[in-house]
Amino acid sequence: MKEDELNRFRQNLETLAEELENSLNSGKDLTAVVSLDDPIGRLSRVDALQSQEISLGLKASIRRRLEMVRRALDSISKGTYGVCVACKEPIAEARLEAIPETPLCVECSA
Ligand SMILES: [Zn+2]
């Protein structure tokens, strides 16, 4: 991959990492809202616990994605970015545009 292309993907990834970190931080309060001492009714407590679970699941997937973004940034500095980790073939650029953190080509991710 050309250096100016690499730089563009690096920028995409850095922006993405920032956005993911921001949504992790802004979601912090969501998981703290449910306390069992809260004088709320039984039903609303169930609702609250459910949304807490959803928000925890969301956070977990954001964290996983952030981890992949960091790995992709790492592979840019190592010079292995844009190469499928499974088949060692180049990953299509359109795919990298859509999912810049992916370590797999279309065929291997299927
Ligand atoms: Zn592959």
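Residue numbers count from 1 along this sequence. Heavy-atom basis, side chains included; hydrogens, waters and symmetry copies ignored. Atoms within a ligand are numbered from 1 in the order they appear, just like the ligands themselves.
Excluding water, every protein N/O/S atom under 2.8 Å from the Zn ion (ligand 1) is given here by residue and atom: C84 SG, C87 SG, C105 SG, C108 SG.
With sequence neighbours left out, K78 forms a salt bridge (Lys or Arg N to Asp or Glu O under 4.0 Å) with D74. Remark: E89 pairs with no residue by the side-chain hydrogen bond (donor to acceptor under 3.5 Å, both in side chains) rule, at least two apart or across chains.
No continuous path of hydrophobic side-chain contacts links V85 to M1 [ILVMFWY only; heavy atoms under 4.5 Å].
Rounding to the nearest 0.5 Å places CG of N12 at 11.0 Å from CG of N7.
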Check: residues 91-103 side-chain donor-acceptor pairs under 3.5 Å, at least two apart:
{"unit_1": "R95", "atom_1": "NE", "unit_2": "L104", "atom_2": "O", "d": "2.8"}
{"unit_1": "R95", "atom_1": "NH2", "unit_2": "T102", "atom_2": "OG1", "d": "2.9"}
{"unit_1": "R95", "atom_1": "NH2", "unit_2": "L104", "atom_2": "O", "d": "3.1"}
{"unit_1": "R95", "atom_1": "NH2", "unit_2": "S109", "atom_2": "OG", "d": "3.4"}
{"unit_1": "E97", "atom_1": "OE2", "unit_2": "R8", "atom_2": "NH1", "d": "3.1"}
{"unit_1": "E97", "atom_1": "OE2", "unit_2": "R8", "atom_2": "NH2", "d": "3.2"}
{"unit_1": "E101", "atom_1": "OE2", "unit_2": "R65", "atom_2": "NE", "d": "2.4"}
{"unit_1": "E101", "atom_1": "OE2", "unit_2": "R65", "atom_2": "NH2", "d": "3.2"}
{"unit_1": "T102", "atom_1": "OG1", "unit_2": "L104", "atom_2": "N", "d": "3.3"}
{"unit_1": "T102", "atom_1": "OG1", "unit_2": "L104", "atom_2": "O", "d": "3.2"}

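Applying the 6.0 Å contact sphere to CD of Q11 captures no more than 12 heavy atoms from other residues, nucleotides or ligands.
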